[in-house]
Amino acid sequence: MARVLLLAGTGHARRLAADLIAAGHDVTASLAGATKDPAAYPCPSRVGGFGGPTGLASHLQATDPDALIDATHPFAAQISDNARKAAAITGTTLLRLARPEWKPEQGEKWQSVATLEAAAAALPPGARAFLATGRKSLSAFQHRSDIWCALRQVDPPKAPFPGNGKFIIARPPFDTASETKLFASLVITHLVAKNAGGTEARTKLTAAATLGIPIIMVQRPDEGTFQTHTTAEILACLAQA
Ligand code: NAP
């Protein structure tokens, strides 16, 4: 049995936690505290930042896990960078859950862009955009008073939608049929998405293709040549811990 600190906050992390527990490991999930009422984990969890790489290193020194697993979202670049630095400082084994990027599939009309700002610039005047890019992304689109946006987020907003558009409050996962219905009912002309990877969140791309809606795909932040691991590789590594 290995003791593991799992950097979490995604459906992938929740499923990995369940797989690790089924294999007999002792898992603590770490959540940023980004959502008010996070989905339940099948293991003990802690909530909130560590205080940068040195804070995470201190936490690792105090709790001495056999491994640190980074199963955070591919766009959560800061915590992944912190994890690499803290693991190097403490000599903790670090495993990064693999989440291969999406590639365009049949019928999907992609325009790849490097940033949220470039995604905002790519939308034509009069567009009705569905922003599947998360709560923190809205500021990149706010200057576009010539478009309408629907921004999906988990928690109800603290203030009305700033400008032209509306919040869609919903918690993933979403199936293809409900995504198709939603985009059609909002008369969406463009989908803006982050290239998160994984099968669950891909339904929005399939729905966009069904309706002929172009997809503006924000590429991932560069993680360099960092090695990633499948669930099977993580289990094999922990079996030797
Ligand atoms: P981020 O920019 O990489 O991290 C910002 C700060 O939040 C980190 O420096 C760290 O604070 C804290 N933090 C992030 N993840 C944490 C975790 N799992 N446990 C403890 N502290 C954590 O992250 P973000 O983009 O704001 O995402 C926050 C969380 O939401 C992540 O756990 C991620 O998996 C999840 N999420 C993100 C996205 C996305 O698009 N970014 C989408 C879905 C889910 P300290 O430096 O103080 O330790």
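Numbering of ligands and ligand atoms starts at 1, following listing order. The figures here come from the full heavy-atom set of this structure, side chains too, leaving out hydrogens, waters and symmetry mates.
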So, regarding [X] and ligand 1 (criterion: nitrogen or oxygen to nitrogen or oxygen, under 3.5 Å), is there a contact or not?
{"X": "T10", "value": "no"}
{"X": "N82", "value": "yes"}
{"X": "Q78", "value": "yes"}
{"X": "A34", "value": "no"}
{"X": "L7", "value": "no"}

Q.
Quick one: does any side-chain atom of N164 pair with a main-chain N or O of I147 as donor and acceptor, under 3.5 Å?
A. yes

Q) W148 and side chain to side chain contact (heavy atoms under 4.5 Å, CB included): which partner among V187, L186, T189? A) L186

Pick one of side chain, backbone, both or neither for how [X] approaches ligand 1, counting any non-hydrogen atom pair under 4.0 Å.
{"X": "R46", "result": "side chain"}
{"X": "T72", "result": "both"}
{"X": "A77", "result": "backbone"}

**Q.** Side-chain donor-acceptor pair present, R96, T228, cut-off under 3.5 Å
**A.** no

Q: Give a yes/no on ligand 1: does G48 have at least one heavy atom closer than 4.0 angstrom to it?
A: yes

Q) Does the protein put a heavy atom less than 4.0 Å from atom 37 (C) of ligand 1? A) yes

Per-pair distances, 0.1 Å, donor-acceptor, side chain in residues 14-28, under 3.5 Å, sequence neighbours excluded:
from, atom 1, to, atom 2, distance (Å)
R15, NH1, E200, OE2, 2.9
H25, ND1, A2, N, 3.0

Q. Do P104 and L205 come within less than 4.5 Å of each other through their side chains, counting heavy atoms only?
A. no

